[in-house]
Chemist: 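Take a look at the following structure, please.
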Amino acid sequence: MGIKGLNAIISEHVPSAIRKSDIKSFFGRKVAIDASMSLYQFLIAVRQQDGGQLTNEAGETTSHLMGMFYRTLRMIDNGIKPCYVFDGKPPDLKSHELTKRSSRRVETEKKLAEATTELEKMKQERRLVKVSKEHNEEAQKLLGLMGIPYIIAPTEAEAQCAELAKKGKVYAAASEDMDTLCYRTPFLLRHLTFSETKKEPIHEIDTELVLRGLDLTIEQFVDLCIMLGCDYCESIRGVGPVTALKLIKTHGSIEKIVEFIESGESNNTKWKIPEDWPYKQARMLFLDPEVIDGNEINLKWSPPKEKELIEYLCDDKKFSEERVKSGISRLKKGLKSGIQGRLDGFFQVVPKTKEQLAAAAKRAQENKKLNKNKNKVTKGRR
DNA sequence: ACTCTGTCTCAAGACGGG
DNA sequence: TTGAGACAGAGT
DNA sequence: CCCGTCC
């Protein structure tokens, strides 16, 4: 999941592509969210003292519903209209990664069985967390009752989120996952959820500014990400972020880099290109992912189905009726104020004038130089 | 001196009462 | 699981 | 802010 060290590269080389802002500045915006990723976080994080998940009387897990319900409310309160995107089938290339993960699971299961202390059991249990079909379906049911739209992506949710943003159906993709940039989402929002309450402001990453700032085409950027390390294939051992960027800059593509290394010109014997390296397929998964055409998608935010929502959450899942009812009124209120929401699409399709883009790129370049000069700066805290 | 690797750590949600 | 940050150690 | 509760 994600691209290793990409965040660090962007912060260092193109800090101006990351705009930091308050959640309020997204009022009226629509955003696409990777649902499966959220569910995973909730399942891991929403726990009780004893480390167990929240459940109803029948012992069915409710952590994911809890998280999804309140996080969604929180966004609605702030005038943000979320659309959730669920993962479809993972692409074949990911199966290597996935089998690795499942063999790790088997080991963890063994350790769990052998675990003696409660603490040890808890630790292993957390590692075993997986988003099941049921979790996904329950979350979809919840969203349906809340009147929040969702989409089931053909493959990767991130790719579909980016597609929605590209076609102006939403303003941005909201995710912690940097690989959303590889799908060329106009904007990526990080920390959208835990701003306000927590420390960090929301980071809004502008993909075009990243490309211009690094002076790479999208193809080169994707190649860079593959070399940094992605989910789809190996990277070249011994080549870290610094070298990867240098190589892409001087050679322009992985093809050329492979040629360069194999020809021996690099007078560097240690770098080993992975065998049968499927970087071309990986590249295509980023450049041309399987998605539903955004133009065919019509996102609708509807009033909540009050009675059924109470039945589902309170009767079935044992949520507090008082809280759910208050949630319902928050939903209705948020929906009303959202009617005159911003027209995300309009400004996206014809994004910025050339002048604006050029000015922004220039700023990025200048920033880059500045940053280079003050080597070893203490990381800005706040 | 620089870069990369490996190993360690920690936290991960949302909310509110005190 | 991820990601980040910190740090040690090895290779160039 | 800390720390317990939510289910």
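Letters A, B, ... mirror the listed sequences (proteins, then strands); counts begin at 1. Atom set for the values below is all heavy atoms of this structure, side chains included, hydrogens, waters and symmetry mates excluded.
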Chemist: Report yes if a side-chain nitrogen or oxygen of A/R237 is closer than 4.0 Å to either non-bridging phosphate oxygen (OP1 or OP2) of B/dG6; otherwise report no.
Modeler: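 Answer is yes, contact under 4.0 Å.
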
Chemist: Nearest-Å distance, CD (A/E322) to P (B/dG16)?
Modeler: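 Distance, rounded to whole Å: 11 Å.
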
Chemist: In this structure, how many angstroms lie between the C1' atom of D/dC6 and the CE atom of A/M68, rounded?
Modeler: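 Distance check: A/M68 CE to D/dC6 C1' gives 17 Å.
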
Chemist: Can you tell me, in whole Å, how much space there is between the P of D/dC6 and that of B/dT9?
Modeler: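 My reading of the P atoms in D/dC6 and B/dT9 gives 33 Å.
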
Chemist: Can you find a side chain N or O atom of A/N7 that sits less than 4.0 Å from OP1 or OP2 on C/dA4?
Modeler: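 For C/dA4, OP1/OP2 do have a side-chain N/O of A/N7 under 4.0 Å.
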
Chemist: Can you tell me if A/S253 and A/E219 form a side-chain donor-acceptor pair at under 3.5 Å?
Modeler: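 Result is no, nothing qualifies.
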
Chemist: When you measure from the side chain of A/F42, which nucleotide among B/dG13, D/dC7, B/dT3 comes out closest?
Modeler: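 Of the options given, the side chain of A/F42 lies nearest B/dG13.
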
Chemist: Counting side-chain heavy atoms from C-beta on, which of D/dC6, B/dC15, C/dA4 comes nearest to A/R330?
Modeler: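 The answer is B/dC15.
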
Chemist: Applying a 4.0 Å non-hydrogen cut-off, can you work out what A/T61 is touching in the nucleic acid: base, sugar-phosphate, or nothing?
Modeler: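 Answer is nothing: A/T61 stays at 4.0 Å or more from every strand.
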
Chemist: Using OP1 and OP2 only, check whether a side-chain N or O of A/R74 sits under 4.0 Å from B/dA14.
Modeler: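 So the side-chain polar atoms of A/R74 never come under 4.0 Å of the phosphate oxygens OP1 or OP2 of B/dA14.
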
Chemist: Nearest nucleotide by nearest heavy atom, which residue falls closer to the 5' end of DNA chain C, A/G5 or A/Y40?
Modeler: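 On the 5' side of the pair lies A/Y40.
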
Chemist: Among A/T61, A/L142, A/L54, A/L65, which one satisfies side chain to side chain contact (heavy atoms under 4.5 Å, CB included) with A/K317?
Modeler: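 Testing A/K317 for a side chain to side chain contact (heavy atoms under 4.5 Å, CB included) against A/T61, A/L142, A/L54, A/L65 leaves exactly one candidate, A/L65.
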
Chemist: What is the separation between atom CG on A/D77 and atom C1' on B/dA14, rounded to the nearest whole Å?
Modeler: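 My rounded result for the distance is 12 Å.
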
Chemist: If you check the A/K318 side chain, which of D/dC7, D/dT5, B/dG13 turns out closest?
Modeler: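 Nearest to the side-chain atoms of A/K318, counting from C-beta on, is D/dC7.
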
Chemist: By nearest atom, which of the nucleotides B/dC4, B/dA12, D/dC7 is closest to the A/I44 side chain?
Modeler: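 So the nucleotide nearest the side chain must be B/dA12.
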
Chemist: With a 4.0 Å cut-off on N to O distance, would you call A/E137 and A/K141 a salt bridge?
Modeler: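 Salt bridge between A/E137 and A/K141, a charged N being under 4.0 Å from a carboxylate O: no.
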
Chemist: Can you tell me how far P of B/dC15 sits from CG of A/L54, to the nearest Å?
Modeler: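 Nearest whole value for this atom pair: 14 Å.
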
Chemist: Is any NZ, NE, NH1 or NH2 atom of the basic residue among A/E306 and A/K325 found under 4.0 Å from an Asp or Glu carboxylate oxygen of the other?
Modeler: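 Looking at A/E306 and A/K325, the cut-off is not met.
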
Chemist: Does OP1 or OP2 of B/dA12 have a side-chain N or O of A/Q41 closer than 4.0 Å?
Modeler: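 Result: no.
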
Chemist: Send over the distance from A/L228 CG to B/dT3 P, rounded to a whole Å.
Modeler: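 Nearest whole value for this atom pair: 14 Å.
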
Chemist: Take atom CG of A/L313 and atom P of D/dC7, then tell me their distance rounded to the nearest Å.
Modeler: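 A/L313 atom CG is separated from D/dC7 atom P by 10 Å.
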
Chemist: Can you tell me, in whole Å, how much space there is between the C1' of B/dA12 and that of C/dG3?
Modeler: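 Comparing C1' positions in B/dA12 and C/dG3 gives a spacing of 10 Å.
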
Chemist: Charged N to carboxylate O below 4.0 Å: is that the case for A/D293 and A/K167?
Modeler: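 Yes, charged N to carboxylate O under 4.0 Å.
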
Chemist: Considering only NZ, NE, NH1 and NH2 on the basic side and carboxylate oxygens on the acidic side, decide whether A/E208 and A/R184 come within less than 4.0 Å.
Modeler: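 Counted as a salt bridge, because a side-chain N and a carboxylate O are separated by less than 4.0 Å.
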
Chemist: Indicate, yes or no, whether a donor-acceptor pair under 3.5 Å links the base of D/dC7 to the side chain of A/Q48.
Modeler: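 When only heavy-atom distances are counted, A/Q48 does reach the base of D/dC7 through a donor-acceptor pair under 3.5 Å.
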
Chemist: Could you state the OH-C1' distance from A/Y70 to D/dC7, rounded to the nearest angstrom?
Modeler: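 A/Y70 atom OH is separated from D/dC7 atom C1' by 10 Å.
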
Chemist: Nearest to the side chain of A/P241, heavy atoms from C-beta on, is which of D/dC7, D/dT5, B/dC4?
Modeler: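 So the nucleotide nearest the side chain must be B/dC4.
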
Chemist: What is the separation between atom CD1 on A/I236 and atom C1' on B/dT5, rounded to the nearest whole Å?
Modeler: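 My rounded result for the distance is 16 Å.
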
Chemist: Examine B/dG13: is either OP1 or OP2 under 4.0 Å from a nitrogen or oxygen in the side chain of A/T193? Give yes or no.
Modeler: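 Answer is no, no contact under 4.0 Å.
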
